[in-house]
Number of protein chains: 2
Amino acid sequence: MILKSQVEWALHCCAILAGLPEGRYLSTKALAELHGLPKEYLSKALQSLSQASLVETTLGPSGGYRLARAPSEINFLEIVEAVEGKALSFTCTNIRANNPCRAEGYCDSKPCAVARVMWEADEAWRDTLRRVRLSDLVGTLSEEVPAELWRSTFEWVLKRAG
Amino acid sequence: MILKSQVEWALHCCAILAGLPEGRYLSTKALAELHGLPKEYLSKALQSLSQASLVETTLGPSGGYRLARAPSEINFLEIVEAVEGKALSFTCTNIRANNPCRAEGYCDSKPCAVARVMWEADEAWRDTLRRVRLSDLVGTLSEEVPAELWRSTFEWVLKRAG
DNA sequence: AAATTAAGGATATAAACTATCCGAAAATCG
DNA sequence: CGATTTTCGGATAGTTTATATCCTTAATTT
Ligand code: FES
Ligand code: FES
């Protein structure tokens, strides 16, 4: 059970977009350079964010991406699900139905107890991600990233933001 | 992020083994038939359980698998990790290090804040699985599975258990 | 001695992930 | 207007992982 690397990319890109001044956009090219990522492939991750309505886009020179909502109104789960999909990590193929002792045409009233436990764990994972807002991340980063690096990074970003 | 189907197989097999009388073994063949699974491939999952010391084996006719510990001493996480591996679902490739604004040779003091959140979610998932014991599952199943099916299943199993 | 079993290696197929390329449509700018 | 830049979607290809089967070996029972 491994998340795709695009999850890391998307979260970091959102953190950068969260620091963008009102009304400005940042391009795929800039985001790829900043994180050292393949531009074309990162583009797919950003398209996922766009389809999930987490970011807004505009075309042409000085175009790119910006957040569609305030960072306090976006949580980790939304970003992760945008690129990773909303499918549950555990899928029950109902192997209990293959029990040869079963009466013909017998139908289960409840989902399997095994699956329920696995789904409960899945929900605990989602719940943790749902509770962390993008604004929380930005807050932590602004405390932990050295002030000079923080400043120069956004200077770098603003120079490229249309 | 999808778990392999072997997770479902392993959990159901352990639930059956938990109902086995002291000192008896159940073969791959029987477990595969009972759940309608490919015998050769299920065998790989059972080998994983064996390597994780969750089950004990014996060879020859009347050989097979039995639990290495009491069902109350085995939890879901152990079974899931045995077949799925212990790797964390999120792997940080440290893309923050690619920031062109970084000073040469700068070294981070902490793991990235993004990764810490993802790992926290991972731990919440693991914690849920850790809290559910195999004996809890058997308890739930014995309540939910119709008594007649429950009885006939273990009759079927005992007829094949060496 | 014959049959049965787990274990592990080799191999093959299918699916998912990673990555790149290209064309179309839209927006900017000179 | 025309050239450039951008997102978007489709097509494609390489790599890795998951799924599945086959076969050999060694241990055990009958
Ligand atoms: S039948 Fe799918 S988890 Fe039990
Ligand atoms: S650098 Fe890997 S999660 Fe931030």
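Throughout, a chain's letter reflects where its sequence line sits, starting with A, and its residues are numbered from 1.
Picking from D:dT6, D:dT5, C:dT5 the nucleotide with the shortest atom distance to the side chain of B:Leu59 gives C:dT5. Among the nucleotides C:dT5, D:dA18, D:dG9, the one closest to any side-chain atom of B:Glu84 is D:dA18. Comparing atom distances between the A:Lys29 side chain and each of D:dT5, D:dT6, C:dA19 picks out D:dT6 as nearest. For A:Ser62, whose side chain is taken as the heavy atoms from C-beta onward, the closest listed nucleotide among C:dA7, C:dT28, C:dC17 is C:dT28. Closest to the side chain of B:Ser50, out of D:dC8, C:dT28, C:dA7, is C:dA7. The nucleotide whose nearest atom lies closest to any side-chain atom of A:Gln47 is, among D:dT28, D:dT7, D:dG9, D:dG9.
Where A:Lys44 and B:Trp9 meet DNA chain D, the nucleotide closest to each residue was compared, and A:Lys44 sits on the side nearer the 5' end. Where A:Lys39 and A:Gly60 each meet DNA chain C at their nearest nucleotide, the meeting point lying more 5' is that of A:Lys39.
Nucleic acid contact for B:Ser43: none, since no nucleic acid atom lies under 4.0 Å from a heavy atom of the residue. Residue B:Tyr65 is in sugar-phosphate contact alone, with no base atom involved, counting any heavy-atom pair closer than 4.0 Å across all strands shown. Counting non-hydrogen atoms under 4.0 angstrom, B:Gly162 reaches nothing in the nucleic acid. As judged by a 4.0 angstrom heavy-atom cut-off over every strand, A:Gln51 is placed among residues touching the sugar-phosphate backbone only.
Under 4.0 angstrom from either OP1 or OP2 of D:dC8 there lies at least one side-chain N or O belonging to A:Thr57. Taking only side-chain nitrogens and oxygens, B:Ser5 comes nearer than 4.0 Å to OP1 or OP2 of D:dT19. In terms of phosphate contacts, A:Thr58 brings no side-chain nitrogen or oxygen within less than 4.0 Å of OP1 or OP2 of C:dA27.
The shortest side-chain heavy-atom distance between B:Trp119 and B:Pro111 falls under the 4.5 Å cut-off. At a threshold of 4.5 Å between non-hydrogen side-chain atoms, the residues A:Leu134 and A:Glu78 do not count as touching.
Between the OH atom of A:Tyr41 and the C1' atom of D:dC8 there is a distance of 17 Å, rounded to whole Å. When the C1' atom of D:dT17 is taken as reference, atom NZ of B:Lys4 falls 8 Å away, rounded to whole Å. At whole-Å resolution of the value, CZ in A:Arg66 and P in D:dT6 are 17 Å apart. In this structure, B:Glu56 atom CD and D:dA27 atom P are separated by 18 Å, rounded to whole Å. The interatomic distance linking B:Gln6 (CD) with D:dA18 (C1') rounds to 9 Å, in whole Å. Note: CZ (B:Arg24) to P (C:dT5) measures 14 Å, nearest angstrom. Atom pair B:Glu40:CD and D:dT19:P shows a separation of 16 Å (rounding to whole Å applied). Here the P atom of nucleotide C:dA16 and the CG atom of B:Leu3 are 14 Å apart, to the nearest Å.
Checked for salt-bridge contact, B:Arg102 and B:Asp108 meet the test: a charged N lies under 4.0 Å from a carboxylate O. Ion pairing between a basic and an acidic side chain is recognised when a charged N comes within 4.0 Å of a carboxylate O; B:Glu123 and B:Arg116 show no such pairing. With salt bridges taken as basic N to acidic carboxylate O contacts below 4.0 Å, one links A:Glu155 and A:Arg151.
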Run the side-chain hydrogen bond (donor to acceptor under 3.5 Å, both in side chains) check on A:Gln6 and A:Ser48 step by step: do they pass? CA-CA 10 Å; A:Gln6 287 189 337; A:Ser48 299; 5.1 Å; no
